[in-house]
Amino acid sequence: MKEREVDYAKEKRKSIIAWAFAIFFAVVWLVITLTPFAFMVMNSFRKQFDMLAQGVFHLPDPWYFANYTEVVENGFFGYFFRSVIVVAVCLVLMLIISSFAAYPLSRMQFKLRGLIYAGIVAMMSVPMHVTLIPIFKMTTDIGLYDSLGALVGPYVTFALPMSVFILTAFMMTIPKEIEESAEIDGCNRFNNFFTMILPLSKSGLSTLAIYNGVSMWNEFAFANTLLQTPSHKTLPLALGQFKGEHSLDIPMILAVLTLSVLPMIILFIVFQDKLVKGMMAGAVKG
Amino acid sequence: MGRSKKSGLAKTRAKSIALAATVFLIPALLLIAVYIIYPIIDTFLISGYKWNGISSNRTFIGLENWMNLIKDKLFWSAFGHNLVVMVFSILLQIPIGMMLATFLDAGGKKFNLFKTIWFLPYLMSSVAIAFLFTYALATNGGLFSALGTLIKGQKVTVDLLGKSPNALFAVIGVMAWQFTPFYMVYFIAGYGNIDTTVYEAAVIDGATRVDYIRYIAIPLLGPIFKTACTMSLIGSLRYFDLIWNMTQGGPVGSTELMATYMYKLSFQQFNMGYGSCVAAGMFILITVIALLFQKVFVVKEDY
Amino acid sequence: MKKKFWAVTLGLAMTAASLAGCAGAAPADGGAAPAEPAAAEATEAAAETGGAKATDGKNLPELTTEDMTIVLWDIATEDPTKTIQEGAVARFMADYPNIHVEQVHQQNDNYKQQLVVAMSSGQCPDMYISWGGGPMAEYHNSGFADDITDLYNTYDHPDFIEAAIAQGSYKGQILGIPFGGMSGCDVFYNKTIFAEQGIEVPQTLDELEAACEKLKAAGYTPFSLANGSKWTGSMYYMYLVARHSGNDEFDAAYTQENGGSFTSDAFIFAGDKIQDWVKKGYFPEGTNSMTTDDGQDRQLLYDGSCAMMLHGSWQARSMAADNQEWYDENIGVFRWPVDTEAEAKGVPQNVEVGTAIGNCFNFNAQGDQDKLNAMYVLATQYYNDDTYNEEQMASNTIPSINGFEKLVTEPNMKIITDVFFDASNVQLWYDQYLPASVTEVHKDSMTALFGLEKTAKEIGEDQDAAMKAALAEQ
């Protein structure tokens, strides 16, 4: 008994040291991640000349707010809402379709399973630019060119292979017993999927929502190829207004980027707890 | 489910499984066929032509592009850069992401501020990242030159983006900065998927936090961990964005990647035929490497 | 850019009006002086009375009265160019209500890619911006850029300077109508630093080097250069070649005939000179790591660490937009100095580097003559009309039209314009003039040259090899 207590004290000391180290590195990493972000925000409050003359890593002196007024006057909210619509629609579709596909790949044994899985991995390797011309042709042929609808197909599809791949891995970690017990209760596969598997994959789904949400929100190449009227364009194309052949208004661009990143941060803060909660516990016990 | 016995019941079951699998897979496969498989087939077809990408005349030249590709030093050096990026991406992004996630998982809600700030790099667009890092890494007035000067006590200039091989490693660093947060979130989700009763049981058995991580959490995270590696691998082999915004492949091709090389040929140098050949070659290489990786490192799951 | 520009009027708008007419009414045979101001005022008055078109009384093709749509691609995403160019289209549509112009502003960064995508999908716009040179030749050879020589010779058009039309031509056929104004290439220098160091504006290369030494001794880096962009370093190379041999050696190297080579005298001289300057510290450290798009070269001028910058004349616009006051107070311009040795051998010292047309419109009517006529009228009479040119002048862009050089009053722009219009020949930027594959090699050569990784001879050989390969392709 005594030995155990000594051990415990030693462990505790070790644990304190470990935490001290961990916190130290955590703070270092905090600085590394925060600094560039902070300077993006701060440079958006400067005039280009001040930024260049004083250096990029200098506090705004003086603070200059007109960039934001101008960004807003140049139709920022229009771009913003179109992006919200596109990302929301594409994300929901993508999550449904990819979890549909991941379910049989992770939890059913059938002939073509290995081949399809390998095919999905191969589809992740396709260089995005080779699809520009075929997709442009298709989009004009079906009359979707220059509408937000044009983006849905490519956005959903290009997120699919990776999402299916990840979700398959996540669904594999769900214990088999869950389904088996459900089967005994007489649930069919579709019920199973919606009542058991989908809720249990929440953490995987939220990771995917974050990953693909961010890349769709920032997507430029397809949007630039498939949209042409300013009143149909999405947020990443708004930058073009401040970029010319030989000119670039950097603080203005950073102001646009700061404004576009804000909603993402807010969403992350609101939903971050969805990621950590061990959802398995309740499910198994219940 | 894999334990089915050879009986009539098992056969009907197999059939019903096949049917269910088809129904679940069809939407994804249809979309992929239209938007990805068709273009990649098209790419393979174009790779047999000499074509500037815009003219209605294209000349069929058989395998000539492919023969050139095999001998093309620029392509293989780009592939080499991709491999370097791949190795360092996996070595940097995944372990750091894992450590951050472990830290956050151990700390729980009280570390939410850390989590939010650590996640910021992933939210920034490549345009902003490229701009800020061009300045941060600049020889004049950049952070590293300043740091060197501070340490040495005399003026030191560190040229990170203007020289080979510095530029490639500088870009790898920036990529790690940008993507580590994603792996962090990914592993947090992985931890979230572990049954909390497992941890509770372990604690009752007298395990410490470190024991729990080492003997229970990491093995349980196995599949998640391997998927992360595969993603990082494929991602770095087809990478384009940040490199294009920061260096466009320079200086003197020292950060040229397969994707930037392909892009220049296809869309800037009116050499779509050969550009498509590079794209097709790139597709083959990445697929082979990814599948090999799957075969070697990803142990078949037990059903 | 933005509204600040409108403050930068230079008092030009007023004067430009008096020259009205040189834009629209020049005779077809070209080369003639701007038309009488009085005639132009009459046209203007007619336009104001309503009903009448700006093109009334001019020798132009009869335009269709049927409905027509013209799809036009430009890169005017940003003000003031956006407003100026939308204005031209609006005036055209007001005069010809049956013709609808669908004006699409593409982003410059991805413009060439967009064009490839559209052309290969059979969706090529009817008229689109290009920069002449190699890409325009590709568009023409693929059937997307119409030959407008006949239209140009038959009908009215502005009195474009010869070099501008030459740059919009390919194999003797006129393909492009200029509308973007000219861009020279000169040395911007910090007047304050020069005065403080007692340095006179250098007239010869020797004086330039002496000035550099003086600056160096005083702790300044002589030249600001962001060679990460590569074409920026190319400006030094091009000028040293041009002063040493005029156009001769470059033209010879371009054809690779009669002993022409990128390893000939002038190229070796230029390469060696640059590397000598690099070693002496005339350029900023890490020049290859900086890009001009991010403003890193202007930064070194602004923070006072560099004293000079050889750059395109649009930099005057950029700097003035960044800070008019600072610009007026500190920045002066001089032309690239004379190579006295070459001058003694009779090499012309007024071959200048730059572009006579910032850009031009190419036309893709696919055999529809009515459409081509309409586009011709739009490009020559509405783009390039008085209003358009006044607005261009107000934003520090000098139209590539004879007569406008006389209207420039702002001292720096005046020097730039005079240098440009006095040129015996304008050497278009190599990176626009050379075939695309050679351009890539040329740009990498510039990195290697300024990085001291390859000698002048080695980069010459690389460029020769690329040029030979490109010629063999054709």
Side-chain angles (χ1 to χ4, degrees), chain A residues 43 46-58 66-67 69-71 73-74 128-141 145-146 220-233 236-254, chain C residues 1-5 71 73 75-82 102-111 113-114 116-123 125 129 131 180 183 292-304 311-315 317-319 321-327 358-359:
Chain A
N43 280 314
R46 307 170 75 179
K47 285 185 183 175
Q48 174 135 307
F49 181 81
D50 296 338
M51 181 190 79
L52 292 175
Q54 302 166 342
V56 168
F57 300 101
H58 187 285
N67 292 336
T69 350
E70 192 155 336
V71 166
E73 278 168 7
N74 275 286
M128 172 258 147
H129 289 104
V130 307
T131 65
L132 276 183
I133 293 175
I135 288 180
F136 177 80
K137 265 190 220 165
M138 256 187 276
T139 314
T140 45
D141 286 350
Y145 179 65
D146 199 25
F220 176 83
F222 279 119
N224 189 38
T225 307
L226 301 177
L227 304 174
Q228 65 170 35
T229 317
S231 61
H232 294 169
K233 285 182 174 173
L237 303 178
L239 295 185
Q241 297 175 91
F242 308 106
K243 260 174 166 177
E245 191 185 350
H246 295 298
S247 56
L248 188 64
D249 196 320
I250 296 160
M252 200 75 83
I253 284 175
L254 295 180
Chain C
M1 313 293 89
K2 310 169 304 293
K3 288 159 196 154
K4 278 175 251 166
F5 260 157
V71 179
W73 279 19
I75 53 163
T77 49
E78 186 202 43
D79 272 332
T81 27
K82 187 172 169 219
E102 197 182 318
Q103 191 178 20
V104 181
H105 307 302
Q106 296 284 354
Q107 297 208 9
N108 178 54
D109 303 350
N110 294 65
Y111 175 71
Q113 169 210 314
Q114 291 295 94
V116 169
V117 170
M119 285 175 174
S120 78
S121 312
Q123 306 276 336
I129 180 178
W131 288 261
S183 295
T292 186
D293 288 345
D294 292 330
Q296 285 176 298
D297 43 11
R298 267 182 287 148
Q299 181 192 22
L300 294 179
L301 277 189
Y302 293 167
D303 71 9
H311 222 303
S313 51
W314 60 84
Q315 286 293 338
R317 219 175 319 158
S318 301
M319 287 191 278
D322 281 348
N323 189 334
Q324 183 74 39
E325 209 179 306
W326 184 89
Y327 173 78
N359 32 52

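Note on naming: letters A, B, ... go to the chains in the order of the sequence lines (proteins, then strands), and numbering restarts at 1 for each one. Heavy atoms only: backbone and side chains are in, while hydrogens, waters and symmetry mates are out.
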Spacing of CG belonging to N110(C) relative to CG belonging to L132(A), to within rounding of 0.5 Å: 9.5 Å
Single hit among E102(C), H105(C), Q114(C) for side chain to side chain donor-acceptor pair (under 3.5 Å) with Q228(A): E102(C)
Pairs of heavy atoms under 4.5 Å with chain A: top-ranked of D294(C), T81(C), T292(C): D294(C)
Proximity breakdown for Q113(C) and chain A, heavy-atom pairs closer than 4.5 Å: side chain
From D109(C), T77(C), D293(C), residue fulfilling side chain to side chain donor-acceptor pair (under 3.5 Å) relative to K243(A): D109(C)
Structural part of T140(A) lying under 4.5 Å from a heavy atom of chain C: side chain
Part of S120(C) lying under 4.5 Å from any heavy atom of chain A: both
Selection from K82(C), R298(C), Q123(C) maximising heavy-atom pairs under 4.5 Å formed with chain A: Q123(C)
V117(C) versus chain A, the contacting section by heavy-atom distance below 4.5 Å: both
Winner by heavy-atom pair count (cut-off under 4.5 Å) against chain C, out of I250(A), I133(A), L237(A), V56(A): I133(A)
Inter-residue atom distance L301(C).CG - L52(A).CG, 0.5 Å rounding: 10.5 Å
Straight-line distance of M252(A) CE to E78(C) CD, nearest 0.5 Å: 9.0 Å
Between CG on residue N224(A) and OH on residue Y111(C), distance to nearest 0.5 Å: 12.5 Å
Shortest non-hydrogen separation from F136(A) to S121(C) and the atoms involved: CD2-OG, 3.2 Å
Nearest-0.5 Å distance that lies between atom CG in D322(C) and atom NZ in K47(A): 10.5 Å
Verdict with reasoning, E325(C) to F49(A), per side-chain contact (heavy atoms from CB on, under 4.5 Å): CA-CA 11 Å; E325(C) 209 179 306; F49(A) 181 81; over 6 Å; no
Which atoms of N108(C) approach chain A - backbone, side chain, both or neither, heavy atom under 4.5 Å: side chain
